[in-house]
Amino acid sequence: MRIERILAPNPGLFTGPGTNTYLVGDDELVVIDPGPRDGSHHSAIEAAIGGRTVEAVIVTHTHPDHAPLANPLAKALGVPAIGYRPGPEFDPDRLLADGEAIEVGTDRLTAIHTPGHADDHLCFLSGGVLFTGDHIMGGSSVMIEHLAPYLASLERLQGFHLERLYPGHGPEIERPQEVISWYIAHRLQREAEIIASLEEGATTVSEVVERVYREVDPALHPLAARSVEAHLEKLVEERVVRLNAGRVSLILK
């Protein structure tokens, strides 16, 4: 199976070098994550396709750095735009459920629902290759909306025989299981650090961020706060902490 990466021209603090758009297949192919609306990127995708047949344009999730170009590109190519559900700038022609497959020539891509970074997030599996969107990224951890489903999704991926990961940002990833294990360990370590910060006297999300992410660029602290909130949501569900009028406290056993 042929895999080509086309880098979208949207580098930034949250997107790294830019969004990875993938062409997957040989004479017949699909486009994964066409990225933001950008005329030059649209043209670059069509140029890379050449005379080959496109079966569909697929998105891993509906965040604005992944999905907005899907509908215009699909319309131009005369193929369906496919995703888990609609989003602010994405109106799918076909919805794809967990476990459903898309045929690509003699290969197939199977959708794996992997919520956590986003509720509508899908990864796509073909043999030992997994296209991970923002569930796993090359070179960094990811922003999460809900921690418990994120950890469950990572643990689910440990059950597949994976050989290589193709993320939505950053380089290809070798040793997938090692990386997935690191992601799980990293989140559990963050959880322990958050609990320790509360034991030391932090009582708000911003105070937790200041203690736990003290070595992180302050420009990233708003993003870190969202991750802290996701951790606290899990800890509230587990009755480890309580939230009351924006104040956080440990529940003493």
Side-chain angles (χ1 to χ4, degrees), residues 8 10-20 36 60-66 87-88 114-121 123 132-155 157-158 165 167-171 173 178-253:
N10 62 331
L13 197 58
F14 303 139
T15 57
T19 301
N20 292 330
T60 57
H61 61 299
T62 58
H63 284 174
D65 55 329
H66 288 258
T114 47
H117 171 75
D119 290 341
D120 62 0
H121 198 287
C123 292
T132 64
D134 281 358
H135 194 63
I136 297 171
M137 296 198 299
S140 71
S141 61
V142 304
M143 185 277 294
I144 50 173
E145 293 181 355
H146 302 291
L147 179 58
Y150 182 68
L151 289 173
S153 297
L154 288 172
E155 290 167 357
L157 294 181
Q158 289 182 313
L165 308 179
H169 303 277
I173 299 171
E178 183 177 314
V179 171
I180 293 170
S181 294
W182 178 87
Y183 265 73
I184 294 171
H186 172 71
R187 282 298 157 198
L188 295 178
Q189 179 183 348
R190 279 284 186 248
E191 181 176 282
E193 291 169 348
I194 289 169
I195 291 172
S197 75
L198 297 173
E199 291 172 338
E200 293 166 1
T203 60
T204 65
V205 169
S206 61
E207 289 175 355
V208 172
V209 170
E210 289 171 4
R211 292 170 186 255
V212 174
Y213 292 88
R214 63 174 65 90
E215 296 180 0
V216 173
D217 184 342
L220 291 172
H221 280 191
L223 200 63
R226 293 174 66 182
S227 287
V228 168
E229 289 167 354
H231 278 273
L232 291 176
E233 175 188 71
K234 174 177 176 288
L235 292 172
V236 167
E237 291 172 356
E238 295 172 347
R239 299 190 57 78
V240 175
V241 306
R242 64 168 59 91
L243 288 172
N244 183 22
R247 311 295 286 187
V248 189
S249 60
L250 287 167
I251 296 176
L252 299 178
K253 301 296 185 180

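Both backbone and side-chain heavy atoms feed into the values below; hydrogens, waters and symmetry mates do not. The chain is numbered in sequence order, starting from 1.
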Among all residues two or more places apart in sequence or in another chain, which pass the side-chain contact (heavy atoms from CB on, under 4.5 Å) test with Ala192?
none
Using a 3.5 Å distance criterion without hydrogens, assess whether the side chain of Asp65 forms a donor-acceptor pair with backbone atoms of Pro36.
no
Under the side-chain contact (heavy atoms from CB on, under 4.5 Å) test, residues paired with Glu191 that sit two or more places apart:
Leu147, Ile195, His231, Lys234, Leu235
Rounded to the nearest 0.5 Å, what's the gap from CD1 on Ile144 to OH on Tyr183? Could you check?
11.5 Å
Minimal heavy-atom distance between Ser153 and Pro115, with the atoms involved, is OG-O, 3.0 Å
Heavy-atom pair with the smallest gap, counting every atom of Leu243 and Leu232:
CD2-CD1, 4.4 Å
Residues in side chain to side chain donor-acceptor pair (under 3.5 Å) with Glu155, at least two apart?
none
In chain order, what residues pass the side chain to side chain donor-acceptor pair (under 3.5 Å) check against Ser227, with sequence neighbours excluded?
none
Which heavy atom in Pro218 sits nearest to a heavy atom in Pro222, and how many Å separate them?
O-CD, 3.8 Å
From Ile136 atom CD1 to Cys123 atom SG, the distance as rounded to the nearest 0.5 Å:
6.5 Å
So, Thr19 side chain and His66 main chain: donor-acceptor pair closer than 3.5 Å or not?
no
Mind checking what makes side chain to side chain donor-acceptor pair (under 3.5 Å) contact with His61, not counting sequence neighbours?
His63, Asp134
Find out whether Met137 and Thr132 are in side-chain contact, i.e. whether some heavy atom of one side chain is under 4.5 Å from a heavy atom of the other.
no
Excluding sequence neighbours, so at least two apart, what forms ring pair (Phe, Tyr, Trp, His ring centres under 6.0 Å) with His221?
none
So which atom in Val248 and which in Val241 form the shortest heavy-atom distance, rounded to 0.1 Å?
CG1-CB, 4.4 Å
With rounding to the nearest 0.5 angstrom, report the CG to NE2 distance, Leu151 to His146.
13.5 Å
Applied to residues 241-251, the side-chain hydrogen bond (donor to acceptor under 3.5 Å, both in side chains) test, sequence neighbours excluded, yields Thr203-Arg247
Ignoring hydrogens and geometry beyond distance, is a side-chain donor-acceptor pair present between Asn10 and Thr15 at under 3.5 Å?
no
Smallest heavy-atom separation, Asp119 atom then Glu145 atom, equals N-OE1, 3.9 Å
CD/Gln158 to CD1/Ile180 distance, rounded to the nearest 0.5 angstrom?
6.5 Å
Between His117 (side chain) and Tyr150 (backbone), is there a donor-acceptor pair under 3.5 Å?
no
Those residues that, when tested against Ala219, pass side-chain contact (heavy atoms from CB on, under 4.5 Å) (two or more places apart):
Leu13, Asp217
Taking only residues two or more places apart in sequence, or in another chain, which ones meet Arg190 in a side chain to side chain donor-acceptor pair (under 3.5 Å)?
Glu193, Tyr213
Return the minimal non-hydrogen interatomic distance between His135 and Thr114, and the atom names on each side.
ND1-O, 3.5 Å
Pairs flagged by salt bridge (Lys or Arg N to Asp or Glu O under 4.0 Å) wherever residues 198-216 is involved - sequence neighbours left out:
Glu200-Arg211
